[in-house]
Protein chains: 4
Amino acid sequence: MASKALAIIAGVGPGTGASIARKFSRTYSVVVLARNPDSYNPVVQEINSSGGQAIGISTDVSDSKSVNAAFDKVQAQYPSSKVAAAVFNSGGGLVIKSFLELTEEDYSTALGSQAHGAFNFAKRAIPLLLQARESSNYPPTLIFTGATASIKGSAKFAAFASSKFALRALAQSLAREFGPQGVHVSHTILDGVIDIPRTKAWVFEHEDAKLSPDAIADSYWYLHTQPRTTFAFELDLRPYIEKW
Amino acid sequence: MASKALAIIAGVGPGTGASIARKFSRTYSVVVLARNPDSYNPVVQEINSSGGQAIGISTDVSDSKSVNAAFDKVQAQYPSSKVAAAVFNSGGGLVIKSFLELTEEDYSTALGSQAHGAFNFAKRAIPLLLQARESSNYPPTLIFTGATASIKGSAKFAAFASSKFALRALAQSLAREFGPQGVHVSHTILDGVIDIPRTKAWVFEHEDAKLSPDAIADSYWYLHTQPRTTFAFELDLRPYIEKW
Amino acid sequence: MASKALAIIAGVGPGTGASIARKFSRTYSVVVLARNPDSYNPVVQEINSSGGQAIGISTDVSDSKSVNAAFDKVQAQYPSSKVAAAVFNSGGGLVIKSFLELTEEDYSTALGSQAHGAFNFAKRAIPLLLQARESSNYPPTLIFTGATASIKGSAKFAAFASSKFALRALAQSLAREFGPQGVHVSHTILDGVIDIPRTKAWVFEHEDAKLSPDAIADSYWYLHTQPRTTFAFELDLRPYIEKW
Amino acid sequence: MASKALAIIAGVGPGTGASIARKFSRTYSVVVLARNPDSYNPVVQEINSSGGQAIGISTDVSDSKSVNAAFDKVQAQYPSSKVAAAVFNSGGGLVIKSFLELTEEDYSTALGSQAHGAFNFAKRAIPLLLQARESSNYPPTLIFTGATASIKGSAKFAAFASSKFALRALAQSLAREFGPQGVHVSHTILDGVIDIPRTKAWVFEHEDAKLSPDAIADSYWYLHTQPRTTFAFELDLRPYIEKW
């Protein structure tokens with residue numbers, strides 16, 4: 001019997017990551033990575049108790065040893081499963097400060113989370129996605145989550161914008177190298193506040209002024225299911241009311 | 001009984017436009033516009049004979065009188081139908097010539113098809129989409145079809161790139177004005193050769209090196225069904241094998 | 001005796017165009033084009049009375065016949081002069097209106113001024129610049145003036161942004177075609193209010209919050225004097241205090 | 001007697017950095033930083049022996065301690081000199097490899113040189129530039145050197161593009177924060193091969209197909225001398241023959 005294919009999602013808390021995990025769990029076994037098990041435990045339990053399959057692995061994406069250990073664990077646990085999709089959705093690195101106040105640690109933390117984190121994740125994910133080409137219903141897919149700061153270096157966003165620009169460059173380079181080999185690499189630009197527990201208290205003039213994590217997850221699934229004749233690289237998502 | 005909502009699609013030949021019409025006809029009555037009835041008759045007949053509803057109206061999008069007559073006819077024929085979606089997919093204007101050979105007529109034709117054409121279409125579509133906000137299952141949607149030349153002014157593409165840049169500016173401006181009013185305006189960048197009858201003879205090293213019109217249509221439908229919390233403005237689509 | 005080379009500048013009123021004419025008149029005979037002679041007469045007289053050479057020709061850039069007549073007149077008057085520089089600085093087309101209020105005439109006027117105007121100007125300028133390659137101290141140069149609306153389609157700027165996007169596409173296409181032939185084509189993005197008579201009454205918090213026409217002219221001269229090993233295509237200029 | 005103002009240039013070898021140092025030494029005392037004294041000694045000697053003032057300090061920009069020591073030394077040696085200009089021109093990090101071959105060290109080295117290096121340099125330069133506002137003839141200026149990889153993540157350029165995208169984000173953020181405070185922050189995109197000793201052997205069809213370091217230096221000086229009413233942020237420079 002063929003094993004169910006896997007979706008590996010890095011950066012899973014109660015918001016976007018959980019919605020992506022839920023969405024992809026309807027088709028795949030999901031593996032969710034976050035530093036703190038408290039971040040992923042609720043969605044892992046929810047998926048398992050509703051007929052899906054999920055495991056969580058405590059992982060610090062900025063540390064290649066930790067990422068390697070996580071992927072080793074995945075391969076030990078699912079020796080015959082292919083990786084159909086990998087999503088890099090890690091947060092971290094967002095600090096809004098005058099450059100005069102910004103510390104070297106702030107800057108390193110941002111690059112560690114977003115640039116090195118994405119590098120570490122992609123180093124392990126890409127070979128697995130290449131292996132999954134023959135057996136997948138959809139082209140194996142690697143999606144990176146970007147932000148407004150991926151395309152605009154605003155005042156006081158020096159650290160976060162540097163890290164998100166770097167992540168976008170990595171995504172572009174991987175798309176150009178591995179697209180022609182049949183792996184779909186995409187980058188999204190989430191341009192607005194996401195409607196997650198942490199932002200519940202942020203009230204806007206319009207009640208539906210925040211990005212929906214479930215709708216973001218639907219977008220990721222849509223990207224995943226595109227045929228290779230018709231790959232999207234970049235998708236910008238924002239609430240209808242957002243100024244841009 | 002409530003009338004079926006409408007999708008109006010300008011620029012329908014045997015390729016992308018026909019696929020979009022087919023896709024949207026599963027949910028809406030479709031109205032397809034093209035200069036030459038030979039362009040849209042086959043898909044109109046196909047839709048009507050397979051249980052859908054479609055009409056075609058001969059329209060020159062570059063001529064506001066012709067566009068107004070077409071919309072007047074739509075409103076006369078479907079007096080109680082809302083317009084759920086409008087797609088501007090007109091071709092025309094693509095001429096590849098040294099600027100030294102490019103004529104004023106080439107330049108005017110390109111702007112006429114793409115810039116004035118899109119303006120004329122949007123002038124009539126936007127008010128109808130605004131009217132459809134309450135009754136629609138999905139936010140009323142206006143999608144413009146762009147190309148590589150929408151973001152790159154290549155040598156020998158002066159006319160086409162000018163017209164496609166102008167179209168993209170129009171789309172951005174409409175998205176920023178009418179997004180906050182609940183109308184979803186999107187722009188796609190079709191970056192590659194589309195697999196249509198006209199390009200059948202173009203053989204590439206890889207047999208699936210062309211954009212699929214049906215997959216493009218799926219993308220347009222995906223854009224249409226996004227909730228207003230999570231609107232995409234721009235989507236770039238290319239074959240996996242494309243250099244970019 | 002070799003004739004002095006020419007600089008031809010379209011779009012000369014009391015602001016940026018006049019500053020460019022003054023700057024280039026230190027080295028070249030200048031020909032200034034504007035619809036209304038009142039726009040260029042003061043700077044023409046100023047240049048001629050201070051030891052330079054200038055003529056003005058009443059020209060409607062949106063009308064190819066008018067542009068052709070102007071260039072014919074230039075060639076009749078200066079039969080042995082080479083054209084070292086051409087600058088398309090025409091205003092016109094800026095209307096800020098809801099799309100619902102925007103008229104077809106507004107849209108056509110904007111495209112006429114900026115897109116067709118630039119096309120008409122370039123059609124005559126490019127062959128003359130190609131002829132000047134051997135005899136010029138600096139690579140023959142064609143500069144187009146852009147604006148914020150060249151790269152951003154803001155709400156209520158549908159007409160102006162369409163026309164400025166189109167102009168930028170034209171500039172890119174010409175740069176890619178004629179750069180390798182030794183003609184320097186550039187595009188500037190003037191991102192802010194320019195300090196001209198028409199804006200004198202606009203008071204900002206900072207007194208030097210407006211772009212200086214003379215500094216813009218210096219930039220154009222700098223672009224003109226670049227060697228062909230090191231051409232700039234695009235230059236964005238804004239007041240230090242500008243939000244962007 | 002007022003001390004001569006300083007220009008501090010990081011990344012000085014026999015090419016662009018040396019040309020920038022020479023150009024700025026006509027007006028300022030220059031301080032040049034590079035890891036290896038062999039890189040800067042020739043230009044330091046050349047400047048000093050031709051009537052200018054220059055010192056070199058061995059500095060590893062990727063190491064904040066090294067950068068801090070260098071700036072401390074500058075301030076000890078020139079206690080009453082203002083810093084009129086600072087240029088971050090460090091190379092390093094360019095490795096062209098399939099992502100499958102790219103090592104974590106490659107990626108870290110690139111980010112270390114370009115992103116952390118620029119951060120370390122700017123952390124010390126910005127406060128000094130702010131102090132120089134009153135006394136300078138030109139607005140104090142910070143220029144970062146970018147590359148094609150600053151705006152395009154090509155296949156096999158994952159490390160370099162990530163680092164150059166990050167550098168550009170930093171430059172944008174600093175421009176937006178410190179421009180309104182009177183410090184001019186710019187970013188250049190050097191889109192082509194530079195004509196330096198290392199590339200002498202690279203022969204193209206056209207003999208002048210490489211960027212001139214002296215012309216690049218002229219561009220940096222031009223940026224430095226812009227008044228604050230009319231700041232350029234970004235300038236793309238390429239040989240006339242370059243494909244783009």
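Sequence lines set the chain letters: A, B, ... in the order given, protein chains first and strands last, and positions in each chain run from 1. Quick caveat: nothing in here was measured; it's all calculated off a predicted structure.
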Which atoms of C:Ala122 approach chain B - backbone, side chain, both or neither, heavy atom under 4.5 Å: both

May I have a table of the donor-acceptor pairs connecting chain B and chain C at distances under 3.5 Å?
unit_1: B:Ser64; atom_1: OG; unit_2: C:Glu104; atom_2: OE1; d: 2.8
unit_1: B:Ser64; atom_1: OG; unit_2: C:Glu104; atom_2: OE2; d: 3.1
unit_1: B:Ser98; atom_1: OG; unit_2: C:Glu177; atom_2: OE2; d: 2.6
unit_1: B:Phe99; atom_1: N; unit_2: C:Glu177; atom_2: OE1; d: 3.0
unit_1: B:Phe99; atom_1: O; unit_2: C:Lys123; atom_2: NZ; d: 2.9
unit_1: B:Leu100; atom_1: O; unit_2: C:Lys123; atom_2: NZ; d: 3.4
unit_1: B:Leu102; atom_1: O; unit_2: C:Lys123; atom_2: NZ; d: 2.6
unit_1: B:Glu104; atom_1: OE1; unit_2: C:Ser64; atom_2: OG; d: 2.8
unit_1: B:Glu104; atom_1: OE2; unit_2: C:Ser64; atom_2: OG; d: 3.1
unit_1: B:Lys123; atom_1: NZ; unit_2: C:Phe99; atom_2: O; d: 2.9
unit_1: B:Lys123; atom_1: NZ; unit_2: C:Leu100; atom_2: O; d: 3.4
unit_1: B:Lys123; atom_1: NZ; unit_2: C:Leu102; atom_2: O; d: 2.6
unit_1: B:Gly153; atom_1: N; unit_2: C:Gln172; atom_2: OE1; d: 2.8
unit_1: B:Gly153; atom_1: O; unit_2: C:Ser173; atom_2: N; d: 3.2
unit_1: B:Gly153; atom_1: O; unit_2: C:Arg176; atom_2: NH1; d: 2.9
unit_1: B:Ser154; atom_1: O; unit_2: C:Ser173; atom_2: OG; d: 2.6
unit_1: B:Ala158; atom_1: N; unit_2: C:Ser173; atom_2: OG; d: 3.2
unit_1: B:Ser162; atom_1: OG; unit_2: C:Ala166; atom_2: O; d: 3.2
unit_1: B:Ala166; atom_1: O; unit_2: C:Ser162; atom_2: OG; d: 3.2
unit_1: B:Gln172; atom_1: OE1; unit_2: C:Gly153; atom_2: N; d: 2.8
unit_1: B:Ser173; atom_1: N; unit_2: C:Gly153; atom_2: O; d: 3.2
unit_1: B:Ser173; atom_1: OG; unit_2: C:Ser154; atom_2: O; d: 2.6
unit_1: B:Ser173; atom_1: OG; unit_2: C:Ala158; atom_2: N; d: 3.2
unit_1: B:Arg176; atom_1: NH1; unit_2: C:Gly153; atom_2: O; d: 2.9
unit_1: B:Glu177; atom_1: OE1; unit_2: C:Phe99; atom_2: N; d: 3.0
unit_1: B:Glu177; atom_1: OE2; unit_2: C:Ser98; atom_2: OG; d: 2.6

Test log, rule side chain to side chain contact (heavy atoms under 4.5 Å, CB included), inputs B:Leu100 and C:Phe178: CA-CA 10 Å; B:Leu100 300 175; C:Phe178 297 102; 3.9 Å; yes

Partner chain B: residue of C:Ala166, C:Ala149, C:Ala159 with the largest heavy-atom pair count (under 4.5 Å): C:Ala166

Side chain, backbone, both or neither of C:Leu111 within contact of chain B (heavy atoms, under 4.5 Å): side chain

Most contacts with chain C, counted as non-hydrogen pairs under 4.5 angstrom, among B:Phe157, B:Phe160, B:Phe119: B:Phe119

Heavy-atom contact with chain C under 4.5 Å, split by part of B:Ile126: side chain

Heavy-atom contact with chain C under 4.5 Å, split by part of B:Ala171: neither

Criterion side chain to side chain contact (heavy atoms under 4.5 Å, CB included) on B:Leu167 and C:Phe165, from CA distance to verdict: CA-CA 9 Å; B:Leu167 172 62; C:Phe165 271 56; over 6 Å; no

Which of B:Ala115, B:Pro180, B:Gly179 touches chain C most, by non-hydrogen pairs under 4.5 Å: B:Ala115

